[in-house]
Amino acid sequence: MPELPEVQTIVEDLNKKVLGRTFVDVWADEKKIIKKSWDVFKSELIGKKIEKIFRKGKNIIFNLSGGYSMLTHLKMTGHYLYDNYDKADPMNSFIHIKFSLDNGKVLALSDLRKFAKVELKETSKIEEELEEIGPDPFEIGFEEFRKRLRTGKIKQVLMDQKKISGIGNIYSDEILWEAKVHPEKKVQNLSEKELKEIFEASKKILKTALAARGTSISDYRDTEGKKGSYGDIRKVYRKTGKECPRCGEIIEEKKIGQRSAHFCPLCQKP
DNA sequence: ACAATATCCTGCGAGC
DNA sequence: TGCTCGCAGGATATTG
């Protein structure tokens with residue numbers, strides 16, 4: 001599922017490929033992904049030029065001409081595919097939206113589970129929406145990071161986009177393993193040292209994953225339909241029953257909230 | 001005010 | 001072999 005490293009990779013690719021292009025047509029077979037009337041969406045989008053593409057948390061925002069912006073969230077299984085992507089991979093075959101561009105090429109949105117969200121609104125309204133989303137670990141220093149966490153189980157808090165954005169289930173597991181902190185530990189019970197470790201681990205893991213172009217254990221693909229390689233070097237996520245790469249203990253899995261957490265019971269004591 | 005739970009969706013792997 | 005069933009999960013809505 002796309003988290004910060006995957007979304008950032010996509011945004012960088014999109015900036016190289018579709019920045020400055022104008023939408024000439026749009027097609028969809030699953031119109032519920034669009035949050036407003038299809039006819040209105042289509043008529044508002046066509047003719048708009050892509051002036052800027054950026055990321056806020058896990059959201060991708062296209063600033064368009066005419067004071068409009070398109071906000072997209074890929075949720076679990078969404079990914080963008082551009083022009084000549086890898087069609088041999090079945091994961092790239094769940095295409096529900098196709099944006100036709102003025103260079104004759106197509107930007108498509110593939111989404112197996114159809115959870116993705118596409119919103120087209122005035123830029124000021126989109127900006128209001130984005131204010132709800134907290135900063136990612138690269139945008140703040142340690143003091144701000146600590147201030148934003150406050151209470152709750154650390155894994156859940158790390159995944160709360162209002163507090164800190166960009167981190168989901170995969171990287172929260174990896175970050176907490178790196179920082180040697182149990183996922184169920186309460187924020188208020190964490191030492192200064194542990195909080196600092198978590199903050200530093202957040203940046204380290206996300207940076208490493210970005211360099212690997214993300215994690216593609218299940219569904220994530222880049223705009224060419226290619227996989228990222230962080231899955232090959234991950235330590236704990238979906239490694240239940242395997243040995244901890246640091247101490248050799250068997251990795252455990254536990255439901256925290258509705259999410260599965262993977263951790264080493266020896267390195268990450270409760 | 002906050003936290004726990006249900007909801008959306010569909011391919012896949014496990015189990016019979 | 002082929003079926004059924006439950007799981008995966010981000011964010012939001014709903015309930016406690």
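Naming: A, B, ... by sequence-line order, numbering from 1 per chain.
Applying the salt bridge (charged side-chain N to carboxylate O under 4.0 Å, His left out) rule to pairs touching residues 31-41 of chain A yields A:K36-A:E44, sequence neighbours excluded.
Here A:Q161 lies in heavy-atom contact (under 4.0 Å) with sugar-phosphate atoms only. Residue A:K153 is classed as having no contact, given no heavy-atom separation below 4.0 Å to the nucleic acid. Here A:E253 lies in heavy-atom contact (under 4.0 Å) with sugar-phosphate atoms only.
A salt bridge is defined here as a Lys NZ or Arg NE, NH1 or NH2 lying under 4.0 Å from an Asp or Glu carboxylate O, and A:E119 with A:K117 meets this definition.
For A:M76, the side-chain atoms get nearest to C:dG10 when compared with the rest of C:dT12, C:dG10, B:dA3. Here the side chain of A:K162 is nearest to one of B:dT10, C:dT12, C:dG9, namely C:dT12. Side-chain proximity of A:F94 to the nucleotides B:dC9, C:dG10, B:dG11 is greatest for B:dG11.
Residue A:L112 contributes atom CG, which lies 7 Å from atom P of B:dC12 at whole-angstrom precision.
Taking the side-chain hydrogen bond (donor to acceptor under 3.5 Å, both in side chains) definition, one finds that A:R213 meets it with A:D13, A:D222, sequence neighbours left out.
In the displayed structure, A:K193 atom NZ is contacted under 6.0 Å by at most 12 heavy atoms of other residues, nucleotides or ligands.
Projected onto DNA chain C by closest heavy-atom contact, A:T77 and A:E129 fall at different nucleotides, the more 5' of which corresponds to A:T77.
An OP1 or OP2 oxygen of C:dT12 is reached within less than 4.0 angstrom by no side-chain nitrogen or oxygen of A:K75.
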